Amino acid sequence: MNIMSEAAVEKALDQKMNTVPYKMIGKDVSVYYGEKRALFDVNLNIRENTVTALIGPSGCGKSTFLRTLNRMNDTIENCRVTGKITLDEDDIYDPTIDVVELRARVGMVFQKPNPFPKSIYDNVAYGPRIHGLARTKSEFDDVVETSLQKAGLWNEVKDRLQEPGTGLSGGQQQRLCIARAVAVSPEVILMDEPCSALDPIATAKVEELIHELRSNFTIVIVTHSMQQAARVSQRTAMFHLGNLVEENDTDKMFTNPDDQRTQDYIMGRFG
Ligand SMILES: Nc1ncnc2c1ncn2[C@@H]1O[C@H](COP(=O)(O)OP(=O)(O)O)[C@@H](O)[C@H]1O
Ligand SMILES: [Mg+2]
């Protein structure tokens, strides 16, 4: 009989996870808002086709780090990023990078569902239109249907595609935003507390969806809910006061973390 010790099993799992290639590499990433430094030399790599959860107390820099991954920080006045972030081989802060194209490769879903004041159809067709990914009516129909399928929304909306997206329930609106992000075939999808405005049933649906999306996309999700991180992610990164405290396999993170601060946080001792 071959009985592996717990430590050996853990090591084997870690090694399995450790063979997953990096989709994005963050090296010595620091972020300043004017004089205020919000991130301190963060070294965090994002694995391909993996859900990575960013956790930690409010104000620790989760959203700030997430925004560095598709240069959403560029839109914030006074915000400065140092260090290096690559997507595959590309340095995303290189001055020659087309930021619009970058954000098509690294899409984003926000805390509050924010569909455009347009029809359900046009919400999804918008990205493919501006990026020239579809030309004919049937190509648009195709990408709209496929994207709504991937977002688990097709069956609920297929008979009312011309109705406004804002008329959907909160949970449906958030899945519409996910469909909109998916429509341009991104490689990475960033989600900043995507369920915080949703009820438990809508939350469960979005969480299930995140699970499914992992086979086609690399996902980074900020969540203030440790239960959610444990449910949806394979890797978890814990931030505290602008520092990356620990990044680990999610199972290990929630059972046997390496860092005392992670231990204290998951035990509810702060934050
Ligand atoms: N636009 C901004 N201008 C100035 N300071 C900001 C801005 N956004 C975030 N901060 C500050 O940066 C720190 C990290 O914030 P944030 O990344 O939003 O944390 P989290 O998402 O973990 O709650 C906080 O101290 C916050 O006040
Ligand atoms: Mg935040």
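The structure displayed is predicted, hence computed values, not measured ones. When a ligand or atom number is given, it counts from 1 through the structure's own listing order.
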| said: Does the Lys NZ or Arg CZ of Arg180 fall within the cation-pi geometry relative to Phe116 - under 6.0 Å from the ring centre and within 45° of the axis? | reply: yes
| field | Row check, Tyr22 ring normal vs Arg47 NZ/CZ: under 6.0 Å, within 45° | value | no
| said: One pair to check against salt bridge (Lys or Arg N to Asp or Glu O under 4.0 Å): Lys252 and Asp258. What are the steps and the verdict? | reply: CA-CA 9 Å; Lys252 175 159 167 55; Asp258 289 330; 3.2 Å; yes
| Within a strict 4.5 Å, meaning less than it, do heavy atoms of the Asn248 and Thr236 side chains meet? | no
| said: Among all protein heavy atoms in this structure, tell me which lies nearest to atom 26 (C) of ligand 1, with the distance rounded to 0.1 Å. | reply: Lys36 CE, 4.4 Å
| Where is the nearest protein heavy atom to atom 10 (N) of ligand 1: which residue, which atom, and how far? | Tyr33 CE1, 3.3 Å
| Under 3.5 Å between some N or O of ligand 1 and some N or O of Ala38? | no
| query | What about Ile76: any of its N or O atoms under 3.5 Å from an N or O on ligand 1? | reply | no
Show the atoms of ligand 1 that are less than 4.0 angstrom away from any heavy atom in [X].
X	result
Ser58	23 (O)
Arg67	8 (N)
Thr64	14 (C), 15 (O), 16 (P), 17 (O)
Gly59	13 (C), 14 (C), 19 (O), 20 (P), 22 (O), 23 (O), 24 (C), 25 (O)

| request: Please find out if the Mg ion (ligand 2) and some N, O or S atom of Thr64 are separated by less than 2.8 Å. | output: no
| Gln234-Arg214 side chain donor-acceptor pair, cut-off 3.5 Å | yes
| request: Could you check Glu145 against Lys158 for salt bridge (Lys or Arg N to Asp or Glu O under 4.0 Å), going step by step and ending with a plain yes or no? | output: CA-CA 8 Å; Glu145 176 170 347; Lys158 62 174 190 269; over 6 Å; no
| To which of Cys60, Gly56, Ser63 does the heavy atom nearest atom 21 (O) of ligand 1 belong? | Ser63
| remark: Only one of Asn45, Asp88, Thr218 passes side chain to side chain donor-acceptor pair (under 3.5 Å) with Lys23, and that residue is Asp88
